[in-house]
Amino acid sequence: MTELQFRDYFWCVDFTSSVGYDTLIQRMCDGRRMCKDVEDVLKMRAQAEERYGKELVTIARKAGGQTEIGTLKNSFDQLKAQIENAGNFHIQLSGMLKEEVHRVEQFRERQREQRKKFEGIMEKVQKMKVSLYKKTMESKRYYEQRCREADEAEQAAAKAANTPSLTPKQCDKAQNKAKQCREAASEAEKQYMNNTEQLDVTREEWESTHKSTCEVFQQQETDRINVLRNAMWVHCNLFSMQCVKDDELYEQVRNSLEQCNIVADNSSFIEAKTTGLTPPAPIIFENYYERDPSASTNGSARFSGRVMKRFSNLLQGNCAGGLKTEVNDTQLMLPSTSSQPAAQFTASGANSDGVYASIHGEQREQQEQQEQQEQQEQSEANEDGGYIALYDYTAQSQDELSITAGDVVFVTDKGEDGWWTVQRGELSGLVPGSYLDKV
């Protein structure tokens, strides 16, 4: 594309007009304002980058993660380190942008000084040109007026010479006047020509100055556009480099995350914080009447509640069947911790008919049968499969069992009232049947 020149396209046919030069000056002012706008953009971006960088550094330094262990801690530490590095790079980027702003400011000031110099020269030449033009136009009007006066005086002298009524003295007077007018016209002509020559010299000087000023202004515009274009180009390059650098930093974090091993972290935690391999033994409910007789301090036999009940029924049945044995002053001794036997019949007289011995033997046989039946029921329940607790339940009395949602228990007895007897490990007790579901 052919380059157009300012010096060829900013003239005006009006001799005193400066519209071309004024247009160029306006363009220079607009260019200077554009430089200032670019400076403002770079300044604000530099400030934003500096704030962002400082915030990243603050975030990285305030981040916790001290409670984590293993490979995840290493990845998190790597993330904090790279965030801080990214913040430092953004702060450096802010410094580079500020340097670019400073260069644009210096360029703008140099152009302003150069432009002011040529503006002063152009204004001086322009004023001189306008002043000489006005002076030349004034001398032209004076010259034309003197020429008209000389022509009128010569016409009047010629007319007087042809008029017989005029005396020779009057004719000479007319001739002298015409001569003076002609001389004045000649002087005006010389002055006019002199002014015209001076104006032409000033015009040539103005044209030369205008051309050189146009050339300087065009060069300034070329330099300005080039500098601003390069400044914006560098701005984009810096941020592209920053993006690439950020990606490189976070790629290191991604590489660290690839090394994060969940199994290894869990194993490391177990090895470092293990508290033991064996859970606590369950607390077993001990019925007062069903405790092992051997555990008694005196070794006395203890009857369970069921045994005592059967024993009473048996005693009543024997009496109803016609047993006539009289038992005077008979006592039934309940289970106790005294030194006396737990179940003992005493009479004021001798033992009657051996009834008590037979009752004691039958009671022990029934107790053994009951225990065998309970063990068989529990074995069958275990073979059928366990039940899982659907909800948490907290025991409200001693014969109930506390369970947690997810516990697996075995049902030993399903009561018609909705309360089931279950066993969990060595613990046993009552729980609501609606809280359980088949595994």
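All heavy atoms count here, side chains included; hydrogens, waters and symmetry mates do not. Predicted model, so just to flag it, every value in this text is computed and none were measured.
When all heavy atoms of Ser434 and Tyr391 are compared, the closest pair comes out as O-CE1, 4.2 Å. When all heavy atoms are compared, the tightest approach of Tyr143 to Ala188 is CA-CB, 3.4 Å. Between His90 and Gly53, the shortest heavy-atom distance links the atoms CB-CA, 3.9 Å. Shortest non-hydrogen contact noted between Leu436 and Val411 is CD1-CG2, 4.3 Å. Residues Ser94 and Glu50 come closest through the heavy atom pair OG-CB, 3.4 Å. Taking all atoms of both residues into account, the shortest heavy-atom contact from Gly64 to Lys80 is O-NZ, 3.0 Å.
Rounded to the nearest 0.5 angstrom, Phe89 CZ and Glu49 CD are separated by 13.5 Å. Summarising the geometry, atom CD1 belonging to Ile83 is positioned 12.5 Å from atom CD belonging to Glu55; distances are rounded to the nearest 0.5 Å. Atoms NE2 and CG, on His235 and Leu228 in that order, are 13.0 Å from each other to the nearest 0.5 Å. Once rounded to the nearest 0.5 Å, the distance linking CG of Leu24 with CZ of Arg115 reads 11.5 Å. To the nearest 0.5 angstrom, Glu221 atom CD is 5.0 Å from Ile225 atom CD1.
Panel note: side chain Ser75, backbone Ser256; a donor-acceptor pair is recorded below 3.5 Å. Without hydrogens or angle criteria, Ser402 side chain to Ala395 main chain gives a donor-acceptor distance under 3.5 Å. Checking side-chain atoms of Gln218 against main-chain N and O of Leu4 turns up a donor-acceptor pair under 3.5 Å. Side chain of Thr209 to backbone of Met122: no donor-acceptor contact under 3.5 angstrom is found. Without hydrogens or angle criteria, Thr421 side chain to Leu430 main chain gives no donor-acceptor distance under 3.5 Å. Using a distance-only test at 3.5 Å, with no hydrogens or angles considered, no donor-acceptor pair links the side chain of Asp407 to the main chain of Ile403. Distance alone, capped at 3.5 Å, is enough to place a donor-acceptor pair between the His210 side chain and the Phe10 backbone. Between the Thr16 side chain and the Val130 main chain, no donor and acceptor come within less than 3.5 Å of each other. Gln78 places no side-chain N or O within donor-acceptor distance of the main-chain N or O of Asn74, the cut-off being under 3.5 Å. Between the side chain of Thr136 and the backbone N or O of Leu132, at least one donor-acceptor pair lies under 3.5 Å.
Ionic pairing of Arg203 and Glu207 is present here: one or more N-O contacts between side-chain nitrogen and carboxylate oxygen are shorter than 4.0 angstrom. We find that Glu105 and Lys43 are joined by a salt bridge, their nearest charged nitrogen and carboxylate oxygen being less than 4.0 Å apart. By the 4.0 Å N-to-carboxylate-O rule, Lys116 lies too far from Glu113 to be salt-bridged with it. Arg112 has a carboxylate O that lies under 4.0 Å from a charged side-chain N of Glu109, or vice versa, which qualifies the two as a salt bridge. Under the 4.0 Å criterion applied to side-chain N and carboxylate O atoms, Asp37 and Arg32 are not assigned as salt-bridge partners. At a threshold of 4.0 Å, the pair Glu144-Arg141 does not count as salt-bridged, since none of the basic side-chain nitrogens sits closer than that to a carboxylate oxygen. Contact check on Asp30 versus Arg33 returns a salt bridge, with a Lys/Arg side-chain nitrogen under 4.0 Å from an Asp/Glu carboxylate oxygen.
Two residues are said to be in side-chain contact when any heavy atoms from C-beta on lie closer than 4.5 Å; Pro432 and Tyr435 meet this criterion. Inter-residue side-chain proximity for Met193 and Glu189 is flagged as met; some heavy-atom pair is nearer than 4.5 Å. Ile25 is listed as a side-chain neighbour of Cys29, based on a closest heavy-atom distance under 4.5 Å. For the pair Ile91/Tyr52, no side-chain contact is recorded, criterion being any heavy-atom separation below 4.5 Å from C-beta on. Counting heavy atoms from C-beta on, the side chains of Tyr21 and Thr213 come closer than 4.5 Å. Using a 4.5 Å heavy-atom threshold, the side chains of Gln106 and His102 count as touching. With a 4.5 Å cut-off on side-chain heavy atoms, Asp246 and Met241 do not count as touching. Proximity of Cys260 to Asp265: side-chain heavy atoms (C-beta onward) are separated by under 4.5 Å at one or more points.
No more than 12 heavy atoms of other residues, nucleotides or ligands lie within 6.0 Å of CD in Gln398, so this atom counts as exposed by the packing criterion. Counting non-hydrogen atoms of neighbouring residues, nucleotides and ligands closer than 6.0 angstrom, the CZ atom of Phe269 reaches no more than 12 such neighbours. More than 12 heavy-atom neighbours from other residues, nucleotides or ligands sit within 6.0 angstrom of CD1 on Ile284. Enclosure of atom NZ in Lys73 by more than 12 non-hydrogen atoms of other residues, nucleotides or ligands within 6.0 angstrom is indicated.
Counted by atom type alone, Tyr142 and Arg146 present one or more donor-acceptor pairs between their side chains at under 3.5 Å. Asp392 and Thr404 share no side-chain donor-acceptor pair at under 3.5 Å. Checking Gln111 against Gln220 by side-chain atom types alone, no donor-acceptor pair falls below 3.5 Å. Side-chain atoms of Glu84 and Asn88 include no donor-acceptor pair closer than 3.5 Å. Between the side chains of Asn195 and Ser139, at least one donor-acceptor pair of N or O atoms lies under 3.5 Å. Checked by atom type, the side-chain pair Asp223/Gln219 shows a donor-acceptor distance below 3.5 Å. Residues Asn255 and Gln259 have side chains that never bring a donor and an acceptor to within less than 3.5 angstrom of each other.
Ring pair Trp11/Trp206 is perpendicular by interplanar angle, where above 60° counts as perpendicular and below 30° as parallel.
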Requested in this report: With side chain to side chain contact (heavy atoms under 4.5 Å, CB included) as the test, would you mind laying out the steps for Val57 and Lys54 before giving the verdict?
Outcome: CA-CA 5 Å; Val57 172; Lys54 290 181 178 179; 5.6 Å; no

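The distance between the ring centers of Phe6 and Phe217 does not fall below 6.0 angstrom.
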